[in-house]
Structure formats: structure tokens, C-alpha cells
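Reviewing the structure listed below.
This one's a predicted model, so the numbers in the text were calculated from it and none came from an experiment.
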Amino acid sequence: MQRLVLAVLAASIGLAGSAHAQRPRAALAPSSRWVFNGHSTAALGTSVGDAGGHINTSSGLGGGLEVGYLVTPRLLAYAGFDLAKQAIDVTGLAGDFGLTHLEAGARLSFPIRHSKALPYLGLWAGRRSLSTTVDNIDTGASSRLSMSGMAVGGSGGVQVFVSPKLALDGGLSVGVGKLGNVKVDGQHQDWGTLDNSTTTRIRFGANWYP
């Protein structure tokens, strides 16, 4: 009987130890209020124009940088810039556009208990531009074309903390606004009232908390 009691106690202690060992660890907390981000970008094609016609671009790759500050443990204020290369998707024209975003915004995170993953949602406002040197295949002429304007957008994604100082970050950002400030070789062009243009970016990078 004594041996049976000792065996039960030993089994109970073993199970308790095993459960404690398998208990999920608490989420890692950032080591700093400042955060620096570097990321690669896949920017989906966009369109600029009105009922009379459009200039279209194809999807392209690029990269960018951000600097942020944790106002609270869940609220991040940030400013960032990124650039992606997009091919012109117009018959008879050859060349590439540079799609830029200069933005400022805020992101709210949603901590998950006992998880290293930290989902977030955000809002931003900023300036976008599409610029290129367009080569006409038929005539051989070249012109510098730029289209720019203000935009607002939203984003969502998730961080996965590797350590308190480093987190992998992947997300999606969508912006809407008019690229109505049109210039050809530096001269302003009146293209009328253009439709809204949507830019969609898929981003993956890393956040460093120094």
C-alpha cells in the first residue's frame, strides 16, 4: 500500500512538472519605445486617368524604411517612405514608373496572451507619386512624366517577436486618392478631374527596438 501511494505521488509530481514545462511562455515585450523598420514591398498595379483614358502600371517590387514611437504599449506613431518599380502597362509605350509613398500614421496593436505574435491595424495619410521617363517606341522621343497627390489609407498586419529587440513584420497597406498634380518635363498639365487611384502594397520586413 505504501508503495502504491508513493507511486501515485511520483506520477502526480511528474504530471505537474510536465504541465508546467508545456505552459506557453508570455509574449515578449519590446525593449524600447523607438522602433526602426526596413521592409521589402510588392506593389500591385494601379491606374491613373478618367473616363477618357487611363495610364496603367503592372505590379512591381521595391523597399522602404520607417521610424516609429510607441506612444503607449499598444499605440505606435510612425513616419515612412517606400519606393517600388512598376512597368508601364500601355501598348506602344515602354518604360518603368517609380511609385513612392511618403506617409505618417498610427497603428494599434492587439496583444494575444502567451503569444509572440502581435496583430495590428493602422491608418495613414501622405503623398504618393508616379514618375518616369517615357520612351515612345514609334517616334523615339522621351519625356519626363510625373503624377502626384495626397492620399489616405489603412493597413493591417502582424509582428512576430524573435527577441525583445527584433520582430518580423508582414502586412498589407491600401491607399486611395487622386494623382492629379501632373507634370511633363516639369511643366504642369491640365488633365481635368482624374479618378481616384488605389495603390496596394504587400510588405515584409523586420522591426528593431534599440
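Applying the ring-ring contact (aromatic ring centres under 6.0 Å, His included) test to every pair with at least one member in residues 163-190, sequence neighbours left out, gives no pairs at all.
Val184 is connected to Phe97 through a chain of hydrophobic side-chain contacts under 4.5 Å among Ile, Leu, Val, Met, Phe, Trp and Tyr, so both are in one cluster. Trp208 and Trp34 fall within a single hydrophobic cluster, where Ile, Leu, Val, Met, Phe, Trp and Tyr are joined by side-chain heavy atoms under 4.5 Å apart, directly or via other members. Note on Leu70: it clusters hydrophobically with Phe161, by side-chain heavy-atom contacts below 4.5 Å among ILVMFWY residues. Linking ILVMFWY side-chain heavy atoms closer than 4.5 Å, directly or via other members, places Ile55 and Leu194 in a single hydrophobic cluster. By the rule that hydrophobic residues join a cluster once side-chain heavy atoms approach within less than 4.5 Å of another member, Leu145 and Leu99 end up as members of one cluster.
The closest side-chain heavy-atom distance from Leu172 to Thr200 is below 4.5 Å. Side-chain atoms of Pro210 and Phe36, non-hydrogen and from C-beta on, do get closer than 4.5 Å to each other. The shortest distance between side-chain heavy atoms of Thr46 and Thr199 falls below 4.5 Å. Side-chain contact check for Ser131 versus Lys183: every heavy-atom pair is 4.5 Å or farther apart. By the 4.5 Å heavy-atom criterion applied to side chains, Val158 and Leu118 are not counted as neighbours. Contact of the Glu66 side chain with the His39 side chain is registered, since non-hydrogen atoms from C-beta on lie closer than 4.5 Å.
Note: Ser146 OG to Asn181 CG = 6.5 Å, rounded to the nearest 0.5 Å. Here OG1 of Thr41 is found 4.5 Å from CG of Asp82. Values are rounded to the nearest 0.5 Å. Taking NZ of Lys116 as the reference point, atom OG of Ser163 lies at 9.5 Å (rounded to 0.5 Å). The CG atom of Leu44 lies 5.0 Å from the CD1 atom of Ile202; values are rounded to the nearest 0.5 Å.
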task = Please lay out, stage by stage, how Ile112 and Phe110 fare under the test side chain to side chain contact (heavy atoms under 4.5 Å, CB included).
result = CA-CA 7 Å; Ile112 301 174; Phe110 301 89; over 6 Å; no
inquiry  = Between Met147 and Ser129, is the side chain to side chain contact (heavy atoms under 4.5 Å, CB included) condition met? List the steps.
reply    = CA-CA 6 Å; Met147 299 168 284; Ser129 68; over 6 Å; no
task = For the pair Asp195 and His54, evaluate side chain to side chain contact (heavy atoms under 4.5 Å, CB included) and give the outcome as yes or no after the intermediate values.
result = CA-CA 9 Å; Asp195 297 334; His54 289 78; 3.5 Å; yes
Pair Val160-Asp169, side chain to side chain contact (heavy atoms under 4.5 Å, CB included): steps then yes or no = CA-CA 7 Å; Val160 178; Asp169 188 348; over 6 Å; no
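In this structure, Ser59 contributes its side chain and Gly45 its backbone to a donor-acceptor pair below 3.5 Å. Checked by atom type and distance alone, the side chain of Ser109 never pairs as donor or acceptor with a backbone atom of Pro119 at under 3.5 Å. Using modelled atom types, one side-chain atom of Asp185 and one backbone atom of Arg144 make a donor-acceptor pair closer than 3.5 Å.
Taking each heavy atom of Ser47 and Ser197 in turn, the nearest pair found is O-OG, 2.7 Å. Contact between Leu166 and Ala206 at its shortest, heavy atoms only, is CD1-CB, 4.1 Å. In terms of heavy-atom proximity, Gln86 sits nearest to Ala43 at NE2-O, 3.1 Å. Closest of all the heavy-atom pairs between Gly149 and Leu179 is N-CD2, 3.8 Å. Nearest heavy atom pair, residue Arg74 against residue Pro111, reads NE-CD, 3.8 Å. Of all heavy-atom pairs spanning Arg33 and Val71, the tightest one is NH1-O, 3.2 Å.
Counted by atom type alone, Ser173 and Arg201 present one or more donor-acceptor pairs between their side chains at under 3.5 Å. Remark: the Asn37 side chain and the Tyr78 side chain contain no N/O donor-acceptor pair separated by less than 3.5 Å. Between the side chains of Arg128 and Ser148, no donor-acceptor pair of N or O atoms lies under 3.5 Å.
By the 30° and 60° cut-offs, the orientation of the rings of His101 relative to Trp124 is perpendicular.
Salt bridge Asp96/Lys85: present, at least one basic N to carboxylate O contact under 4.0 Å.
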